[in-house]
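Read the structure below first, then the notes.
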There are 2 protein chains.
Amino acid sequence: MRSETLKGHLDALILSVVSIGPLHGYAIIEQLRLRSGGAMTLPEGTVYPALHRLEAAGLLSSYWSQTAGRRRRVYELTRRGERELGTRRAEWREFAHAVEAVLSPAEPSGPTAVPA
Amino acid sequence: MRSETLKGHLDALILSVVSIGPLHGYAIIEQLRLRSGGAMTLPEGTVYPALHRLEAAGLLSSYWSQTAGRRRRVYELTRRGERELGTRRAEWREFAHAVEAVLSPAEPSGPTAVPA
DNA sequence: CTTGACACCTAGCATTCCTATGCCTAGGAT
DNA sequence: ATCCTAGGCATAGGAATGCTAGGTGTCAAG
């Protein structure tokens with residue numbers, strides 16, 4: 001998948017997987033891969049900065065957890081994050097429909113192509 | 001529509017409208033707006049550089065036309081542009097499905113969530 | 001003669017994602 | 001003992017893209 005393809009949609013994807021339950025960064029990467037059927041195998045250098053960005057924006061909160069000698073930073077949605085997720089999902093749908101409309105082959109469309 | 005949303009998909013959209021028939025820049029902007037139902041009202045500063053980029057990449061070719069004292073640069077798809085459009089449409093579909101899969105609410109998914 | 005639609009162009013900015021690299025632990029293989 | 005792999009986090013720097021904001025010019029309507 002071309003790397004620019006993802007741009008602007010990563011935040012929604014992360015918020016969505018975290019909305020299911022608190023997750024740490026590495027697990028988020030794993031979930032994105034699993035749920036996308038392998039299509040989204042994101043490098044850490046993409047996801048970690050995004051998490052920091054989302055936390056700075058107040059959409060995620062985090063805490064450290066210690067498990068078997070391994071430290072993990074666990075993220076969960078804030079109230080604002082939940083609301084934002086709703087907005088983003090709606091925006092995605094709108095965007096996807098718009099792209100679909102433009103991308104699907106169609107007959108030439110003059111100025112009169114959109115009926116009043 | 002959030003501006004980052006479009007990133008990485010503009011080329012496909014432009015190729016798609018031009019594939020219907022030769023169009024000049026301004027008309028391309030108009031077609032994108034019409035076909036997207038108004039969702040994509042792109043500023044010229046977005047589209048013109050993109051057209052130059054696509055021409056430089058060999059996906060579009062152009063020529064000047066004079067109509068009623070108005071000069072227009074008309075673009076049409078090259079062979080490579082047609083092929084590229086096909087690729088991009090396929091990529092869009094793959095991407096859209098992947099996002100849909102991640103974005104749609106689902107039950108918690110453990111390591112066993114993907115059956116062999 | 002001013003406004004608005006038509007039509008093109010570019011510089012510079014902001015944002016985003018990726019590559020590359022570094023650091024650390026645990027557990028199995030050699 | 002040593003190495004490798006998986007797990008786990010982090011950052012710097014580069015590349016790409018779209019937008020803002022500005023500029024040029026024609027033509028028709030008021």
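In what follows, chains carry the letters A, B, and so on, assigned in the order in which the sequence lines appear, proteins first and then strands, with residues in each chain numbered from 1. Below, each value reflects all heavy atoms present in this structure, side chains not excepted, and no hydrogens, waters or symmetry copies. Computed from a predicted model, the values in this text were never measured in an experiment.
- Between Glu4(A) and Pro49(B), the one whose closest nucleotide on DNA chain C sits nearer the 5' end is Pro49(B).
- Listed by chain and number, the residues in a ring-ring contact (aromatic ring centres under 6.0 Å, His included) with Phe95(A) are His9(A), His9(B), Trp92(B) (sequence neighbours excluded).
- dA15(D) atom C1' lies 16 Å from atom CG of Leu6(A), rounded to whole Å.
- In this structure the side chain of Ser62(B) never reaches within 4.5 angstrom of the side chain of Leu60(B), judged on heavy atoms.
- In this entry the distance linking CD of Glu30(B) with C1' of dC8(C) reads 15 Å, nearest Å.
- For residues 37-64 of chain B, the pairs satisfying salt bridge (Lys or Arg N to Asp or Glu O under 4.0 Å) are Asp11(B)-Arg53(B), with sequence neighbours left out.
- Checked by distance alone, Lys7(B) brings a side-chain donor or acceptor within 3.5 Å of a matching partner on the base of dT15(C).
- Atom P of nucleotide dC9(C) and atom CG of Leu42(B) are separated by 16 Å, given to the nearest angstrom.
- Using a 4.0 Å cut-off on heavy atoms, the residues of residues 52-65 of chain A that approach DNA chain D are His52(A), Trp64(A), listed by number.
- Summarising the geometry, the separation between CG on Leu10(B) and P on dA16(D) is reported as 16 Å, rounded to the nearest angstrom.
- When each of dC9(C), dA7(C), dG8(D) is scored by its nearest atom to the side-chain atoms of Tyr26(B), the top-ranked nucleotide is dA7(C).
- In this structure, the side-chain contact (heavy atoms from CB on, under 4.5 Å) partners of Arg33(A), at least two apart in sequence or on a different chain, are Glu30(A), Thr41(A).
- Residues satisfying the side-chain contact (heavy atoms from CB on, under 4.5 Å) criterion with Glu91(A), sequence neighbours excluded, are Thr87(A), Arg88(A), Arg2(B).
- Among residues at least two apart or in separate chains, there is no salt bridge (Lys or Arg N to Asp or Glu O under 4.0 Å) pair with a member in residues 58-77 of chain A.
- Heavy atoms of Gly25(A) sit under 4.0 angstrom from primed sugar atoms or phosphate atoms, though from no base atom.
- Applying the side-chain hydrogen bond (donor to acceptor under 3.5 Å, both in side chains) test to Arg93(A) and every residue at least two apart in sequence or in another chain returns Glu100(B).
- For the OP1/OP2 pair of dC8(C) and a distance below 4.0 Å, the side-chain nitrogens and oxygens of Tyr48(B) include at least one atom meeting the criterion.
- Within the structure, side-chain hydrogen bond (donor to acceptor under 3.5 Å, both in side chains) pairs that include any residue of residues 13-25 of chain B comprise Ser16(B)-Arg89(B) (at least two apart or interchain).
- Rounded to whole Å, the distance from CZ on Arg2(B) to C1' on dA14(C) is 15 Å.
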**Fill in**
Nucleotide by nucleotide, nucleotides 22-30 of chain D touches protein heavy atoms under 4.0 Å in the pattern (B base, S sugar-phosphate only, - none) ----BB---
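- At distances below 3.5 Å, at least one donor-acceptor pair connects side-chain atoms of Thr78(B) with backbone N or O atoms of Leu59(B).
- Rounded to whole angstrom, the span from the CG atom of Leu51(B) across to the C1' atom of dC9(C) amounts to 12 Å.
- What separates CD of Gln66(A) from P of dC24(C) is a distance of 15 Å, to the nearest Å.
- The CD1-P distance, from Ile29(B) to dC8(C), rounds to 8 Å in whole Å.
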